[in-house]
Amino acid sequence: KIPADEERDHLLGLNDLYATLCEVAGIEELPERSAQDSVSFAKYLASGEEKEGLRKFLGTWQYSYGEILAESLRWGELKVIRNIANNKKPRFEMYNLTKDISETTNLALEESYRKTRRKMLKKLREVGPCPKDRTNTFTLTNGRKKGKRVTCNFFEKNRKRCGDYMGDAVCNSVCGRFDQLCSNYPFQ
C-alpha cells in the first residue's frame, strides 16, 4: 500500500516505472531482456525508508540522426554534462542542482570539483551506449548461464550470446548494438 500525502525525493528514471509496476502488480517473472535497465522503487514508495537497490546515479543521452549530441549523469545533487556535437556550448558542464536548479553556475572547471567531475564522467562512460570492454573476467547476470565467470571471448565464439546475456554492456567491441554510433564516439 502506498501512503497518501507523503513525498519521496530519491532519484529514479522514467524507465523504472516498468519494474515498479510489475512488482506492485505481483509479476515476479519478467520476460528475459525486457526493461533490463529498469529498477523497482516499489518498496521505497511504500515505506520511504527502503532505499536498498535504488539508483545512485542516472545517465541520459541526447541523440539526433544517429549521433550523440550530449550525455549527462545525475549523481546525488550534482549533474555533469558532456557536450559532444554542439560547439556553441562548453565541452563540460557541472551543476549543483540543490543550490542551482536553473543550471546557471557551471562548476565544471572549478578545481574543487575536478575529481568528482572525472569520477562522474567515468561512470557515465560505463553506463552509456559505448562502454569500454571489460578486460578481466566478469559474472553473467542473466540467461541460462547466469553466474558463470567469462571474458569477452565468450561472446566472440557465438555472437547470438550478445543478445542473450546483455553482452553490449560489457563487451561493446564484440556485441555493440551501436556500432556506427560508437565508431564516431570521441572517447573510445
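- Side-chain atoms of R82 do not come within 3.5 Å of backbone N or O of I84 as any donor-acceptor pair.
- One finds the OG1 atom of T105 at 8.5 Å from the CD atom of E110 (value rounded to the nearest 0.5 Å).
- Residue V24 shares its hydrophobic cluster (ILVMFWY side chains chained together at separations under 4.5 Å) with no other residue.
- In terms of the salt bridge (Lys or Arg N to Asp or Glu O under 4.0 Å) criterion, residue partners of R114 (sequence neighbours excluded) are, by chain and number, E111.
- The salt bridge (Lys or Arg N to Asp or Glu O under 4.0 Å) contacts involving residues 45-55 comprise D16-R55, where partners must be two or more places apart or lie in separate chains.
- Atom-to-atom distance recorded for T116:OG1 and L78:CG is 6.5 Å, nearest 0.5 angstrom.
- Remark: F57 pairs with W75 by the ring-ring contact (aromatic ring centres under 6.0 Å, His included) rule, at least two apart or across chains.
- Hydrophobic cluster membership of L11, counting Ile, Leu, Val, Met, Phe, Trp and Tyr whose side-chain heavy atoms lie under 4.5 Å apart directly or via other members: L58.
- In this structure, Y95 shares a hydrophobic cluster with I81, L97, I101, the cluster being traced through Ile, Leu, Val, Met, Phe, Trp and Tyr side chains under 4.5 angstrom apart.
- Taking a 6.0 Å sphere around CD of E6, one finds it holds more than 12 heavy atoms contributed by other residues, nucleotides or ligands.
- Annotation: side chain to side chain contact (heavy atoms under 4.5 Å, CB included) contacts of R159 (sequence neighbours excluded): V174.
- Under the 4.0 Å criterion applied to side-chain N and carboxylate O atoms, E103 and K79 are assigned as salt-bridge partners.
- Note that CG of N83 is 9.0 Å distant from CZ of R91, once rounded to the nearest 0.5 Å.
- Scored by the side chain to side chain donor-acceptor pair (under 3.5 Å) test, E23 finds S40, K43 as partners (sequence neighbours excluded).
- A search for side chain to side chain donor-acceptor pair (under 3.5 Å) contacts involving T151 returns nothing, not counting sequence neighbours.
- With rounding to the nearest 0.5 angstrom, the NZ atom of K122 is 11.5 Å from the CZ atom of R125.
- Taking 4.5 Å as the limit, some side-chain heavy atom of T139 sits within range of a side-chain heavy atom of R149.
- Between H10 and F41, the ring centre distance reaches or exceeds 6.0 Å.
- In terms of heavy-atom proximity, T20 sits nearest to V39 at OG1-O, 3.8 Å.
- For the pair N106 (side chain) and M94 (backbone), a donor-acceptor distance under 3.5 Å is present.
- For S64, the side chain to side chain contact (heavy atoms under 4.5 Å, CB included) criterion is met by L69, not counting sequence neighbours.
- Counting non-hydrogen atoms of other residues, nucleotides and ligands closer than 6.0 Å to CZ of R8 gives a total above 12.
- With sequence neighbours excluded, the residues that form a side chain to side chain contact (heavy atoms under 4.5 Å, CB included) with N158 are K160, R161.
- Residues V150 and T137 are not in side-chain contact: their nearest non-hydrogen atoms beyond the backbone lie 4.5 Å or more apart.
- Residues passing the disulfide (SG to SG under 2.5 Å) test with C152, sequence neighbours excluded: C171.
- Contact of the Q62 side chain with the I68 side chain is not registered, since no non-hydrogen atoms from C-beta on lie closer than 4.5 Å.
- Without hydrogens or angle criteria, N96 side chain to D100 main chain gives no donor-acceptor distance under 3.5 Å.
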Derivation and outcome, side-chain contact (heavy atoms from CB on, under 4.5 Å), residues E71 and T60: CA-CA 6 Å; E71 53 187 358; T60 59; over 6 Å; no
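- Looking at heavy atoms from C-beta onward, V80 lies out of side-chain contact with E93 at the 4.5 angstrom threshold.
- If you take NZ on K56 and NZ on K123, they are separated by 9.5 Å, rounding to the nearest 0.5 Å.
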